[in-house]
**Q** 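Can you keep this structure in mind? I'll have questions shortly.
This one's a predicted model, so the numbers in the text were calculated from it and none came from an experiment.
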Amino acid sequence: MRPRPQKAVTVDLSQQLENATSAISGQHKRGWLQLDLFVARQEPAHVTSAQNALVADVVLEGTASASGQLRIEQRAQKSQPQGNQAPHATRVPDEEIIEKPPKAP
């Protein structure tokens, strides 16, 4: 945009960004998954003009961690153990184990 129209359409998005940052930061739980997000900094990236709107891209930087409980099954191999050997565990593809995520306790 040229300087004059650019000055005329200056919009303060600080309150909207603060609201979005507050909504994103914190602990989010959904079923068996817990997600902790913290937005440390925000920075404007790019503004695009559309026919009926201005679109502002904002980069949010911060930290995130996730935790949850997944059921893990151990299956013995078909061959019989010899002597005092314990049965060996085999890897079972995820599709066979997780048909539906377990419900949170």
**Q** List the atom of Val39, the atom of Ser25, and the distance in Å for their closest heavy-atom pair.
**A**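 Here Val39 and Ser25 meet closest at N-OG, 3.0 Å.
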**Q** Return the minimal non-hydrogen interatomic distance between Ala56 and Leu13, and the atom names on each side.
**A**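 Smallest interatomic distance, heavy atoms only, reads CB-CD1, 4.0 Å.
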**Q** CD of Glu43 to CG of Asp57: how many Å apart, nearest 0.5 Å?
**A**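 Reported to 0.5 Å precision, the distance equals 12.5 Å.
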**Q** Which heavy atom of Leu60 sits nearest to which heavy atom of Thr21, and what is that distance?
**A**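 So the minimum-distance heavy-atom pair works out to CD2-OG1, 4.4 Å.
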**Q** What is the distance from atom CG of Leu35 to atom CD of Gln27, rounded to the nearest 0.5 Å?
**A**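 Those atoms lie 9.0 Å apart.
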**Q** Do you know the tightest heavy-atom contact between Ala66 and Leu33?
**A**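 Shortest heavy-atom separation between Ala66 and Leu33 comes out as CB-CD1, 4.1 Å.
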**Q** Counting C-beta onward and ignoring hydrogens, is there a side-chain heavy-atom pair between Val58 and Leu17 closer than 4.5 Å?
**A**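 They are in side-chain contact.
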**Q** Hey, does Glu61 have a side-chain heavy atom less than 4.5 Å from the side chain of Gln42?
**A**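 No, side chains not in contact.
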**Q** Rounded at 0.5 Å granularity, tell me how far CZ in Phe38 sits from OG in Ser65.
**A**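 With rounding to 0.5 Å, CZ (Phe38) is 12.5 Å from OG (Ser65).
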